[in-house]
Amino acid sequence: MAIAHAARDFGTIKPPANLADAASRQRLTPAAVTSVVRLADLWRLTSTEICSLIGDVSERTWFRMKKGEWDGVLSQDSLTRISALVGIFKGLRLLFSEQLADEWIRLPNKGPLYGGRRPLDIMIEGGIPKLLQVRRHIDALRGGL
């Protein structure tokens, strides 16, 4: 007996945005700025903390972003950082209650990645590599690893 398999059309899989491309960065910047402004508010980050997490953004630029008065284009580095932060935020919200999810980055963590320190401090000091490690850690927790 033959088994018929229905052809599955999952649509066209879009490759990730090319953040080295200026047009892609320009297209993605408004959404990234909106997201990171909201994230900084929910996580109660100081201007120094968020500027350190975003990378090459000065506090003056940050204040203009918050007011909606900045029309620049984020760098590849900053967009990568913001993407990691949004992924961490989303993962935490899926794992924990809203209150714990929003406080988690400020709480000391005994896990091997953190060594008793706050995830916020690890991410600020470690830049993109640590941001991505924290994101992978949160994703692993969600997957039950």
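Every heavy atom of this structure was used, including side-chain atoms; hydrogens, water molecules and symmetry mates were not. Throughout, residue positions are numbered sequentially from 1 according to the sequence presented.
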Legend entry - Sidechain N-carboxylate O distance under 4.0 Å for Arg106, Glu49: yes
Inset, instruction - Considering only NZ, NE, NH1 and NH2 on the basic side and carboxylate oxygens on the acidic side, decide whether Arg64 and Asp71 come within less than 4.0 Å. - result: no
Inset, instruction - Check whether Leu141 and Leu132 end up in the same hydrophobic cluster, where Ile, Leu, Val, Met, Phe, Trp and Tyr are linked by side-chain heavy atoms less than 4.5 Å apart. - result: no
Inset, instruction - Specify the closest pair of heavy atoms between Thr61 and Trp70, including all atoms of both residues, with the distance to one decimal. - result: CG2-NE1, 3.4 Å
Legend entry - Nearest-0.5 Å distance that lies between atom CG in Asp56 and atom OG in Ser75: 3.5 Å
Inset, instruction - Fit a plane to each ring of Trp104 and Tyr114, take the angle between them on a 0 to 90° scale, and name the class: parallel (under 30°), tilted (30 to 60°) or perpendicular (over 60°). - result: perpendicular
Legend entry - Asp139 with Arg136: basic N within carboxylate O range, under 4.0 Å: no
Inset, instruction - Return yes if a side-chain donor-acceptor contact under 3.5 Å exists between Thr80 and Ser83, otherwise no. - result: no
Inset, instruction - Any chance you could lay out the salt bridge (charged side-chain N to carboxylate O under 4.0 Å, His left out) test for Arg93 and Asp102, step after step, and finish with the verdict? - result: CA-CA 8 Å; Arg93 285 286 180 105; Asp102 293 345; 2.8 Å; yes
Legend entry - Nearest-0.5 Å distance, CD1 of residue Ile128 to CD of residue Gln133: 13.0 Å
Inset, instruction - Check whether any side-chain heavy atom of Arg117 sits under 4.5 Å from a side-chain heavy atom of Asn109, and report yes or no. - result: no
Legend entry - Check: Phe63 and Lys67 side chains under 4.5 Å, non-hydrogen atoms: no
Legend entry - Main-chain N/O of Leu19 paired to Arg25 side chain as donor or acceptor, under 3.5 Å: yes
Legend entry - Enclosure of Glu69 CD (heavy-atom neighbours >12, cutoff 6.0 Å): yes
Legend entry - Single-linkage hydrophobic cluster Ile88~Ile122, side-chain heavy atoms < 4.5 angstrom: yes
Inset, instruction - Answer yes or no: is there a side-chain heavy-atom contact under 4.5 Å between Ser97 and Leu100? - result: yes
Legend entry - Ion pair check, Asp77 and Arg81, cut-off under 4.0 Å: yes
Inset, instruction - Determine whether Leu42 and Glu98 make a side-chain contact, defined as any pair of heavy atoms from C-beta on separated by less than 4.5 Å. - result: no
Legend entry - Any Ile50 side-chain heavy atom under 4.5 Å of Trp43 side chain: no
Inset, instruction - Any chance you could lay out the side chain to side chain contact (heavy atoms under 4.5 Å, CB included) test for Glu103 and Arg44, step after step, and finish with the verdict? - result: CA-CA 9 Å; Glu103 290 294 322; Arg44 296 179 298 111; 2.5 Å; yes
Inset, instruction - List the atom of Val86, the atom of Ser35, and the distance in Å for their closest heavy-atom pair. - result: CG2-CB, 4.0 Å
Inset, instruction - Please determine which of Leu85, Val36, Ile82 meets the side chain to side chain contact (heavy atoms under 4.5 Å, CB included) test together with Leu53. - result: Leu85
Inset, instruction - May I ask you to check whether over 12 heavy atoms, not counting those of Glu59, lie within 6.0 Å of atom CD? - result: yes
Inset, instruction - Please check if any side-chain donor atom of Asn18 sits under 3.5 Å from a side-chain acceptor atom of Ser24, or the reverse. - result: no
Inset, instruction - Measure the shortest side-chain to side-chain distance between Leu45 and Leu120 over non-hydrogen atoms and say whether it is less than 4.5 angstrom. - result: yes
Legend entry - Ion pair check, Lys130 and Glu125, cut-off under 4.0 Å: no
Legend entry - Reported SG-to-CZ distance for the pair Cys51 and Arg60, which is rounded to 0.5 angstrom: 13.0 Å
Legend entry - Pairwise side-chain contact, Leu92 with Ile105, heavy-atom cut-off 4.5 Å (strictly under): yes
Legend entry - Heavy-atom closest pair, residues Thr29 and Leu74: OG1-N, 3.0 Å
Legend entry - Considering all heavy atoms, the nearest Phe96-Ala101 contact: CB-N, 3.9 Å
Legend entry - Close side-chain approach of Arg135 to Leu131, heavy-atom, < 4.5 Å: no
